[in-house]
There are 2 protein chains.
Amino acid sequence: MARGGKAKNLRQRELIRYLANNPLLKDEELAGLFGVSIQTIRLDRSELQIPELRERMKTALQARHPVRSLGSDELVGELLDIEVGQYGVSMLKITPEMIFRKNLVARGHHLFAQANSLAVAVIDAEVALTGSARVLFKLPVKAGDLVLARAEISSRKGHKTIVKVVSRVKETIVFEGIFTVFALQEEENQ
Amino acid sequence: MARGGKAKNLRQRELIRYLANNPLLKDEELAGLFGVSIQTIRLDRSELQIPELRERMKTALQARHPVRSLGSDELVGELLDIEVGQYGVSMLKITPEMIFRKNLVARGHHLFAQANSLAVAVIDAEVALTGSARVLFKLPVKAGDLVLARAEISSRKGHKTIVKVVSRVKETIVFEGIFTVFALQEEENQ
DNA sequence: GTATAATTAGTACCAGGTACTAATTATTGA
DNA sequence: TCAATAATTAGTACCTGGTACTAATTATAC
């Protein structure tokens, strides 16, 4: 096969459909299916910008959690545990982009963002906004660190909720914050 | 830590909750999160019978496709492509359990099952049953082979639909069948 | 203070890839 | 018909996130 590439074109179109319906297909299986070598399938995927099996699984799973499985959208970090109206736990992996090159310490706003978005997430309301916050950066955080934030509702009066957040890196506290969050619309999300 | 294992117990309970909410967590991340070694996490998982990341992703994805994304349940093989009311494509990987030990050839009923379930799947009805079939096993199939079945509706009269199925292993036809399928209840699924 | 539980360390191995280089096999236009 | 080019195949080194195993080390309860 050469310049035209009719067989190639057909195979690639089928490849797209197959993977759209079933992201779990391995290159080896696809190769067997089309009667070509595994390398050909990899060339196809690379031309079509189709990622590898594990990435496909990941994104297929993300699509599932529509907005991280709760009403609050755009949570900074990964949600590990939550009991809406009570507490929540999230993890943030510090990447090199998050740190100052000078002293290799993570910029504070990342820790704040994690804590703040978690504080909003635990509120049992359709929409919630942070009214105010008092935060404390207790220890520097480095690249590669895993920051575990735990938010707990400490009091609630009408639309106004006080949420305390404590963030740790391996048991040592690196951040603390008290957030005052206002619920805009009550009711469950679904 | 020894005989009691209180820290261990707590960690394992949290581990379960974390992974239930987020199957994408790696052992390394969990280790960092709990401040223990990666081996400890692996011991935990093994004690708790929690499978590895890739398996967790797979099963999380399967749970998503409730009944293979279409009305017919229990499809034999993996669905690759379908246009309900027109055609469908499925893949069946021949495993050693499917073959005769004597001649190493796949038992015919596996090919039949794949074709039949696919034929039923392409019918645009809530419930469909095969009325009759004429099948032809053209060439033997061996372990490791990937059987690609393509079903196409060739005619339809009321509740009665004729579906032609052709199964191939790498372009060579190994099975052909004509299925007469009856729709029991009309209407879309979902 | 010792037996036992819990944890950590280290090794060999595996699947399913990436990324790259090089060789081989069509295909086709002139 | 043959040379240029497209398409495919082969092979290597390397990576991640594991399994499965053995052995050493550390903590704790009694």
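Below, read A as the first sequence line, B as the second, and so on, with proteins coming before strands; counting in each chain starts at 1. No experiment lies behind these values; they were computed from the predicted model shown.
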Of the candidate nucleotides dG11(D), dT8(D), dT7(C), which contains the atom at the shortest distance from the side chain of R11(A)?
-> dT8(D)
Atom-to-atom span, [atom1] of [X] to [atom2] of [N] - whole angstrom:
X: K8(A); N: dT27(C); atom1: NZ; atom2: P; result: 14 Å
X: M57(A); N: dG17(D); atom1: CE; atom2: C1'; result: 11 Å
X: K58(A); N: dG16(C); atom1: NZ; atom2: P; result: 16 Å
X: F34(A); N: dT8(D); atom1: CZ; atom2: P; result: 12 Å
X: Q39(A); N: dT24(C); atom1: CD; atom2: P; result: 15 Å
X: Q12(A); N: dA7(D); atom1: CD; atom2: C1'; result: 11 Å
X: L24(A); N: dA15(C); atom1: CG; atom2: C1'; result: 15 Å
X: N9(A); N: dA7(D); atom1: CG; atom2: C1'; result: 13 Å

Estimate the overall bend of the helix from dG1(C)-dC30(D) to dA30(C)-dT1(D) from the end axes over five pairs each, rounded to 10 degrees.
-> 10°
Determine whether [X] and [Y] make a side-chain contact, defined as any pair of heavy atoms from C-beta on separated by less than 4.5 Å.
X: L25(A); Y: M91(B); answer: yes
X: D81(A); Y: Y18(B); answer: yes
X: M57(A); Y: L24(A); answer: yes
X: N116(B); Y: V76(B); answer: no
X: R42(A); Y: Q39(A); answer: no
X: K142(A); Y: V169(A); answer: no

Give each protein N/O atom lying under 3.5 Å from an N/O atom of nucleotides 17-19 of chain C, with the pair distance.
| unit_1 | atom_1 | unit_2 | atom_2 | d |
| --- | --- | --- | --- | --- |
| dG17(C) | OP1 | L53(A) | N | 3.4 |
| dG17(C) | OP2 | D27(A) | N | 3.2 |
| dT18(C) | OP1 | R45(A) | NH1 | 3.2 |
| dT18(C) | OP1 | R45(A) | NH2 | 3.4 |
| dT18(C) | OP2 | R45(A) | NH2 | 2.9 |

Check step by step if side chain to side chain contact (heavy atoms under 4.5 Å, CB included) holds for F179(A) and V120(A).
-> CA-CA 9 Å; F179(A) 295 81; V120(A) 169; over 6 Å; no
Distance-only side-chain donor-acceptor flag, R17(A) / N21(A), under 3.5 Å | no
Drop me the distance from T40(A)'s OG1 to L15(A)'s CG, to the nearest 0.5 angstrom.
-> 11.0 Å
Distance check: side-chain N/O of S37(A) vs OP1/OP2 of dT8(D), anything under 4.0 Å?
-> no
